[in-house]
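What follows is one structure encoded as structure tokens, with my remarks underneath.
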Amino acid sequence: MTLKIYNTLKDTKEEFETLEDGKVKMYSCGPTVYDYFHIGNARAFIVPDIVKRYLEYKGYEVMHVLNFTDIDDKMIKRANEEGITVDELAEKFITAYFEDTDALNIKRADVYPQATEHISEMINLVKTLIDKGYAYEKNGDVYFRVDKFDEYGKLSNKKIEDLQAGSRVDVNEEKEDPLDFTLWKESKAGEPEWDSPWGQGRPGWHIECSVMSTKYLGEEFDIHTGGVDLTFPHHENEIAQSEACCGHEVVNYWLHNGYINIEGEKMSKSLGNFFTTRDILDKYPAEVVRFFLISKHYRSPINFSEENMKDAAKSLERLENTVDRVKYLLKQDVQDGELKGAELFELVAEKKEDFIAAMDDDFNTSLAIASLHELAREVNKFIDQDDFVLTIDVKKALEKVKETFEELGIEVLGILKTTEETENDLVPDLVELLLETRSDLRDQGNYEMADQIRDELSNLGVAVKDTPQGAEWKIKE
RNA sequence: GGUGGCAUAGCCAAGUUGGUAAGGCGAAGGACUGCAAAUCCUUCAUGCCCCGGUUCGAGUCCGGGUGCCACCUCCA
């Protein structure tokens, strides 16, 4: 089984090969920490999370770097509005970033570099670019000479002539060419600023990623992720800077995730359909949000809507119900009988293979989830068969089912809840006691009382359902 | 104008090197149940935007249309 990844640079799916055996180096464009991140950002953070989890599942050791942009126009503007420093603003929203990504069960990266901590390296890179003739200084600003970099446009398939023809780029008298982009920007009064050979100023946006990616991952690394909209100009410029400096390609695989629309429309503040991830987590359980975000292939646009969230919740619930049934059975005593679990073992192996094949095909989470649904249905069917008996052999097979759901659903996709075994046995014991009483009441035909117990338990957060083997219960969300 | 992408059942959505349409939601009927919940069974695309072409065979390739979206400007 080989993993294939769609590489924006080549516009095709390629077999994934790492630079170093068994190790993957990955860089993700992180947030500008001037506000709570929005639901679209959430996808850009979940996509690399899925990539990382799956690579780790396949046995790779993954080194993941995700940056925080903590200095730019938006940062300065917002800090001024709130009457705090840019540093304070950054700190506040970095904390918020971790709260929200933790809620979404996104694994932490290995390094979270911040732009302002790498100013001297950025200055050095700019100097090198000037020395090599790829950049020039003009009145305290430094620009990248796009024309000088022959391969400019190779990531986004743009031709320099086309860009110039349809140019909507700001006219800037200082630039030799309107396409040239800023590497270093002279500061205005009151703005955060750093010393540089070109006077007081601050870095341009693109330069930080060139510096921080190569600093932590080396001059060549495996994967770079980001949203589609970053393809141009951000990543195109990053390539120009890094390659002009190094003289060779830096990134092997460029991954770009698709956009999120809201009720079919582009999310924007002017349309009033702008949602932070925080807003959404207030409204929906985090697992559902995560499930929704990975229920469609990462490169396709995805539409956020009430109805789609409702569907996602139901779809996820179906998987969880099955896992709960299995867990419940695993707690029961084995019974004598002839029923074998071979069929289940076979089933698990088959669906797991499907799952892996799906993920190997450019992280097709949509298909992968479908294989879990198929597994769930077949397992339910097995449990529901007329002559079902929980023999020791069946129990072993169910144990395997549970392990597989945990391996694929929790470890790889991060959508199912982990089994937090109740440390204290008192609650289960009390519930069992009540259910025994209720069972007696039912035998006596006293359904009124029996239903009352069920209702009261439901109010307390305990869902009860009756099965031929007796009443089952679980703690509700 | 340039570049890239998308168009599959009521809705969401997958479709590997072309081989005879996954999965989810929803709906209907049935089974089970005192009721409920969950679950199981059956049904819901002779067809994948339209028109041509290649092929024994195309959702899948080629050509031409139509519609939608994104990017080209800060943006995940």
Side-chain angles (χ1 to χ4, degrees), chain A residues 4 8 11 13 28-32 37-47 72-74 77 153 156-159 161-170 179 205 225-234 236 256-261 264-269 291-292 295-297 299-303 305 307-319 321-322 324-325 354 357-358 360-362 364-374 376-386 442 445-448 450-451 454-455 458 463-468 471-474:
Chain A
K4 286 187 180 165
T8 309
D11 294 321
K13 269 187 224 173
S28 300
C29 279
T32 300
F37 64 82
H38 57 69
I39 186 66
N41 295 107
R43 191 179 196 193
F45 305 144
I46 280 185
V47 167
D72 79 336
D73 291 345
K74 291 195 294 288
K77 184 166 174 258
S156 51
N157 293 310
K158 295 185 190 309
K159 297 189 185 79
E161 310 85 76
D162 295 338
L163 285 169
Q164 285 166 336
S167 182
R168 284 197 264 160
V169 182
D170 285 344
L179 292 180
W205 174 37
T225 74
V228 267
D229 53 326
L230 292 185
T231 312
F232 189 91
H234 184 55
E236 196 69 68
H256 291 100
N257 61 272
Y259 247 83
I260 290 186
N261 294 318
E265 288 184 308
K266 181 177 172 169
M267 178 166 68
S268 77
K269 288 191 171 151
F291 181 85
F292 168 73
S295 63
K296 196 165 171 182
H297 187 90
R299 279 189 282 121
S300 309
I302 190 167
N303 189 35
S305 69
E307 195 188 350
N308 290 347
M309 288 303 285
K310 201 190 79 212
D311 287 358
K314 296 290 283 183
S315 183
L316 176 60
E317 194 184 336
R318 192 175 161 77
L319 294 177
N321 279 336
T322 301
D324 286 342
R325 290 188 91 180
D354 289 348
D360 271 343
D361 186 13
D362 195 30
N364 193 333
T365 46
S366 208
L367 239 196
I369 290 169
S371 70
L372 292 184
H373 274 118
E374 285 168 18
R377 191 183 59 229
E378 297 299 326
V379 168
N380 282 326
K381 198 189 284 192
F382 186 91
I383 296 173
D384 282 341
Q385 64 183 301
D386 287 338
R442 291 177 70 209
N446 190 343
Y447 296 116
E448 200 180 331
D451 287 351
R454 184 173 62 194
D455 291 346
S458 176
V464 176
K465 61 176 173 174
D466 296 313
T467 74
E472 291 180 14
W473 64 277
K474 65 173 180 176

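Since this is a predicted model, take the numbers as computed values, not measurements. Each chain gets a letter, A, B and so on, in the order its sequence line appears, and its residues count up from 1.
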Using Watson-Crick and G-U wobble pairs whose two distances are both under 3.5 Å, how do you write the pairing of RNA chain B as dot-bracket, with | for links to another strand? (((((((..(((......[...)))((((((.......))))))....(((((..]....))))))))))))....
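A:Leu367 has its side chain out of reach of A:Asp361: every pair of non-hydrogen atoms, C-beta onward, lies at least 4.5 Å apart. Inter-residue side-chain proximity for A:Lys296 and A:Asn303 is flagged as unmet; no heavy-atom pair is nearer than 4.5 Å.
Among the nucleotides B:C71, B:C12, B:A76, the one closest to any side-chain atom of A:Asn41 is B:A76. When distances run from any side-chain atom of A:Lys381 to the nucleotides B:U3, B:C40, B:C35, the shortest one goes to B:C40.
Taking 3.5 Å as the limit, the base of B:G4 and the side chain of A:Asp11 contain no donor-acceptor pair of atoms between them. Contact annotation: side chain of A:Arg299 to base of B:G5, donor-acceptor pair absent below 3.5 Å. Side-chain N/O atoms of A:Arg454 and base N/O atoms of B:A36 include a donor-acceptor pair closer than 3.5 Å.
Annotation: B:A21 and B:U46 have their P atoms spaced 11 Å apart (nearest Å). Spacing between B:U55 and B:U8 at atom C1', rounded to whole Å, works out to 23 Å. Rounded to a whole angstrom, the distance from the P atom of B:A14 to that of B:A9 is 13 Å. Nucleotides B:G67 and B:G26 have their C1' atoms positioned 27 Å apart, rounded to a whole Å. The gap from the P atom of B:G64 to that of B:G4 amounts to 14 Å, rounded to the nearest Å. B:A58 sits 14 Å from B:G47 when the P atoms are compared, rounded to a whole Å. Comparing the P positions of B:A28 and B:A38 gives a spacing of 14 Å, expressed to the nearest Å. With P as the reference atom, B:A13 and B:C25 are 15 Å apart, rounded to whole Å.
Nucleotides of RNA chain B nearest to A:Lys74 and A:Lys296 differ in position, and the one nearer the 5' end is that of A:Lys296. Nearest-nucleotide positions on RNA chain B place A:Ser156 closer to the 5' end than the other of A:Ser156 and A:Glu317.
One can place CG of A:Asp451 at 12 Å from C1' of B:A37, the figure rounded to the nearest angstrom. As a whole-Å value, the separation of A:His234 NE2 from B:A70 C1' is 18 Å.
A:Met267 comes within contact range of at least one nucleobase, with a heavy-atom separation under 4.0 Å. Contact annotation for A:Arg442: base contact, defined as any heavy-atom pair under 4.0 Å involving a base atom. Among the protein residues, A:Asn303 comes within range of no part of the nucleic acid, since none of its heavy atoms lies under 4.0 Å from any strand. Residue A:Asp361 is classed as having no contact, given no heavy-atom separation below 4.0 Å to the nucleic acid. Residue A:His297 is in sugar-phosphate contact alone, with no base atom involved, counting any heavy-atom pair closer than 4.0 Å across all strands shown. Residue A:Gly445 is out of contact with every strand shown, counting any heavy-atom pair closer than 4.0 Å. Nucleic acid contact class of A:Phe232 (heavy atoms, under 4.0 Å, all strands): sugar-phosphate only.
A salt bridge is absent between A:Lys314 and A:Asp311: the closest approach of a Lys/Arg side-chain nitrogen to an acidic carboxylate oxygen does not fall below 4.0 angstrom.
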How would you summarise protein contacts on nucleotides 19-26 of chain B per nucleotide, using B for base, S for sugar-phosphate only and - for none, with heavy-atom distances below 4.0 Å? ---BSBSS
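Of all the heavy atoms in A:Ser295 and A:Ile369, the pair that sits closest is CA-CD1, 4.1 Å. Between A:His373 and A:Phe291, the closest heavy-atom pair is CE1-CZ, 4.4 Å. Of all heavy-atom pairs between A:Thr231 and A:Thr8, the closest is CG2-CG2, 4.2 Å.
The main-chain N or O of A:His297 is never found under 3.5 Å from a side-chain atom of A:Thr365 such that the two would form a donor-acceptor pair.
Contact check, A:Asn380 against B:C40: a side-chain N or O comes under 4.0 Å of OP1 or OP2.
Qualifying side-chain contact (heavy atoms from CB on, under 4.5 Å) partners for A:His38, counting only residues two or more places apart in sequence or in other chains: A:Asn41, A:Met267, A:Phe274.
Each of A:Val47, A:Ile46, A:Val228 was evaluated against A:Asn257; a single residue qualifies, A:Val47, per the side-chain contact (heavy atoms from CB on, under 4.5 Å) test.
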